[in-house]
Engineer: 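One structure, as structure tokens, below. Some questions next.
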Amino acid sequence: MTTDLHEPAAFDATHPVNDRYTPVESAELAALAELFDGGTLSGGAPEVEAYENALRDFFDVGYAVAVNSGSSALPTALVALGIGPGTEVIVPAVAPIPTAMPILTCGATPVIVDVLPGSLALDPDDVSGILTARTKAAITVPLWGYPTDDTDARALLTDAGVPVVEDAAQAHGTITGGRYAGTTGTIGCFSTHDRKLLSTGEGGFVLTDRADLYERIEHYTRLGHLRGNTHGVNYKLAGPLAAIGLLRLARLPEQLATRHANAHQILDQLPEGGRLTELTYPNGDQPNYYNLVLTTDGPGTQVAHRFADAGLPPDSIRYGYRPLYQQPLFAPYARPCPNAEHLATTTIQLPVHPGLHAAALRWIAECVAAIAQRESESP
Ligand SMILES: *Cc1c(COP(=O)(O)O)cnc(C)c1O
């Protein structure tokens with residue numbers, strides 16, 4: 001079934017909204033024509049360097065390296081930090097598979113830790129209990145674009161000399177502690193896959209302020225510049241994708257503003273003091289609204305099914321989202337993480353992207369209000 005969002009249809013359970021946002025093409029084709037005229041389509045195209053400079057300026061960091069996916073950005077960050085066999089990498093149990101897979105790619109051991117209650121932040125007590133001399137990095141994830149206040153865990157990690165890698169793949173434009181997510185740790189990793197706010201089809205980038213790490217990242221992703229003295233891979237972003245990224249980065253602030261307004265249109269329908277609330281984040285921080293995320297203090301599976309029945313399936317139903325160690329590949333690294341299990345079953349992810357027609361947004365807001373009402377009536 002297709003949904004034409006340009007026609008205000010009767011939005012009901014048989015007309016689910018399109019949760020996939022495709023940016024409207026504006027100058028992309030002209031930019032691609034210019035690139036074809038230049039004759040270089042590879043990662044050596046001048047557009048790639050221009051894109052990296054624009055990323056560096058937007059995020060206000062020392063260095064940006066464009067790569068061909070978020071799944072290339074993460075192992076690159078780990079390799080630059082010396083992660084390999086015999087080392088351990090901390091990862092929160094709420095992380096999705098692509099966040100943790102690169103730890104295995106590097107031959108390192110994932111150490112799965114719990115989050116604080118109702119939060120995506122690493123639990124400092126759990127972190128302090130598992131730190132060893134082999135712990136060489138910790139990954140944090142501002143999932144669904146929500147700010148992650150890891151202040152306490154990060155203080156412990158800093159004392160132990162453990163660098164933080166931010167998997168900001170879903171968090172372009174998220175503000176945390178007055179800075180953009182992806183610029184608050186030692187290295188920030190992003191994806192620009194079609195489903196992310198900044199989209200180049202496939203792609204990603206790595207940010208850091210440290211010149212030594214930049215040099216390793218740059219060499220590693222470009223086959224060590226074929227000098228034959230350091231190991232490397234070819235993770236370069238192709239020129240046409242950089243040309244698209246350059247144009248779309250300029251339009252990111254507009255997209256962020258629309259997502260914010262859409263999220264608040266839905267949040268305005270939530271009754272005060274009800275059981276359904278927005279996932280909390282620190283005062284002054286700002287989600288990018290990759291998704292609007294709601295949580296409930298009622299039975300999680302019940303509310304998840306209510307949303308699914310209404311045509312708005314949350315990640316736990318739609319993608320089988322659950323704590324990392326409940327995936328067979330990560331089962332050998334299971335540790336008790338009750339807060340992560342609770343979060344996975346009690347969160348509802350809603351689309352608020354700029355492609356939603358006004359009628360679709362109104363319909364989502366009405367669904368949320370109706371389900372919030374039923375939640376408050378159930379025991
Ligand atoms: C999308 C995503 C990735 C992987 O990025 P790709 O570009 O798809 O390889 C990693 N981590 C998170 C949190 C993601 O959402």
Side-chain angles (χ1 to χ4, degrees), residues 19-21 43 51 55 64-79 83 89-106 110 112 115 120-122 137-148 150 164-174 176 180-182 184-185 187-207 217 221 233-238 241-242 244-245 248-249 259 279 287-291 293 314-316 318-324 327 329-330 340 343-344 347 349 351 353:
D19 78 339
R20 183 157 190 156
Y21 172 53
Y51 177 51
L55 288 167
V65 177
V67 294
N68 57 7
S69 75
S71 299
S72 301
L74 282 159
T76 295
L78 296 180
V79 165
I83 305 304
V89 178
I90 294 171
V91 61
V94 294
I97 292 170
T99 302
M101 198 76 98
I103 304 171
L104 301 181
T105 307
C106 292
I112 299 175
V115 287
L120 300 164
L122 296 170
I139 302 179
T140 67
V141 198
L143 198 59
W144 310 302
Y146 272 71
T148 307
D150 281 310
V164 168
V165 173
E166 280 181 283
D167 179 0
Q170 300 183 359
H172 314 73
T174 294
T176 173
Y180 280 129
T184 73
I187 303 180
C189 295
F190 289 79
S191 164
T192 58
H193 179 267
D194 252 356
R195 294 197 75 93
K196 314 298 158 111
L197 263 71
L198 177 60
S199 151
T200 60
E202 301 281 358
F205 55 92
V206 185
L207 304 179
I217 290 164
T221 53
V233 292
N234 178 6
Y235 281 168
K236 295 194 298 294
L237 184 70
L241 302 183
I244 293 170
R248 292 185 173 178
L249 179 63
R259 285 177 183 265
L279 184 67
N288 69 353
Y289 290 114
Y290 174 92
N291 283 129
V293 181
D315 286 4
S316 58
R318 181 152 186 206
Y319 302 115
Y321 170 68
R322 51 192 193 267
L324 204 47
Q327 310 284 357
L329 190 58
F330 294 95
L343 186 105
T347 46
Q349 298 75 17
H353 61 77

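Atoms within each ligand, like the ligands themselves, are counted from 1 in listed order.
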Engineer: Check ligand 1 against Thr99 and write out every atom of the ligand that is under 4.0 Å from a heavy-atom position of the residue.
Structural biologist: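 Those atoms are 11 (N), 13 (C).
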Engineer: When you look for heavy atoms under 4.0 Å from ligand 1, do you find them on the side chain of Lys196, its backbone, both, or neither?
Structural biologist: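 Side chain only; the backbone of Lys196 stays clear of ligand 1.
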Engineer: What atoms of ligand 1 come closer than 4.0 angstrom to any heavy atom of Ser69?
Structural biologist: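 Every atom of ligand 1 under 4.0 Å from some heavy atom of Ser69: 7 (O), 9 (O).
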Engineer: For the pair Ser69 (side chain) and Ser71 (backbone), establish whether a donor and an acceptor sit closer than 3.5 Å, ignoring hydrogens and angles.
Structural biologist: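 Checking the backbone N and O of Ser71 against the side chain of Ser69, a donor-acceptor pair under 3.5 Å is found.
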Engineer: Pull out every atom of ligand 1 sitting under 4.0 Å from any heavy atom of Gly70, numbered as shown with elements.
Structural biologist: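 Every atom of ligand 1 under 4.0 Å from some heavy atom of Gly70: 5 (O), 6 (P), 7 (O), 9 (O).
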Engineer: Verify, without hydrogens or angle tests, whether Glu166 (side chain) and Gly188 (backbone) share a donor-acceptor contact under 3.5 angstrom.
Structural biologist: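 Flag not set: sc Glu166 to bb Gly188 has no pair under 3.5 Å.
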Engineer: Please list, in number order, the atoms of ligand 1 under 4.0 Å from a heavy atom of Ala169.
Structural biologist: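 Within the 4.0 Å cut-off of Ala169, ligand 1 contributes 2 (C), 3 (C), 10 (C), 11 (N), 12 (C), 13 (C), 14 (C), 15 (O).
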Engineer: Taking distance alone, with no angle check, do Asp167 and ligand 1 share an N/O pair under 3.5 Å?
Structural biologist: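 For ligand 1, there is an N or O atom that lies under 3.5 Å from one belonging to Asp167.
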Engineer: Can you name the one residue among Leu279, Leu143, Asp315 that meets side chain to side chain contact (heavy atoms under 4.5 Å, CB included) with Gln349?
Structural biologist: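 The side chain to side chain contact (heavy atoms under 4.5 Å, CB included) with Gln349 is passed solely by Asp315 among Leu279, Leu143, Asp315.
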Engineer: Once rounded to the nearest 0.5 Å, what's the spacing between atom OG1 of Thr99 and atom CG of Asp167?
Structural biologist: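 Here the rounded value is 4.0 Å.
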Engineer: Can you confirm whether Val94 sits close enough to Tyr321 that some side-chain heavy atom of one is under 4.5 Å from a side-chain heavy atom of the other?
Structural biologist: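 A side-chain contact exists here, since the closest heavy-atom pair is under 4.5 Å.
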Engineer: Around atom 4 (C) of ligand 1, find the nearest protein heavy atom and jot down its residue, atom name and distance.
Structural biologist: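 Nearest protein contact, heavy atoms only, for atom 4 (C) of ligand 1 is Ser71 OG, 3.6 Å.
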Engineer: Among Phe190, Tyr290, Tyr289, which residue meets the side chain to side chain contact (heavy atoms under 4.5 Å, CB included) test with Leu197?
Structural biologist: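 Answer to the side chain to side chain contact (heavy atoms under 4.5 Å, CB included) test with Leu197 among Phe190, Tyr290, Tyr289: Tyr290.
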Engineer: Below 4.5 Å, heavy atoms only, C-beta onward: do Ile103 and Ile83 meet side chain to side chain?
Structural biologist: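 They are not in contact (no side-chain heavy atoms under 4.5 Å apart), so the answer is no.
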Engineer: May I ask you to list the atoms of ligand 1 that are less than 4.0 angstrom from any heavy atom of Gly203?
Structural biologist: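 That gives atoms 7 (O) of ligand 1.
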Engineer: Between Glu202 and ligand 1, is there a nitrogen or oxygen pair with a distance under 3.5 Å?
Structural biologist: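 Between Glu202 and ligand 1 (N or O atoms, distance only) the closest approach is not under 3.5 Å.
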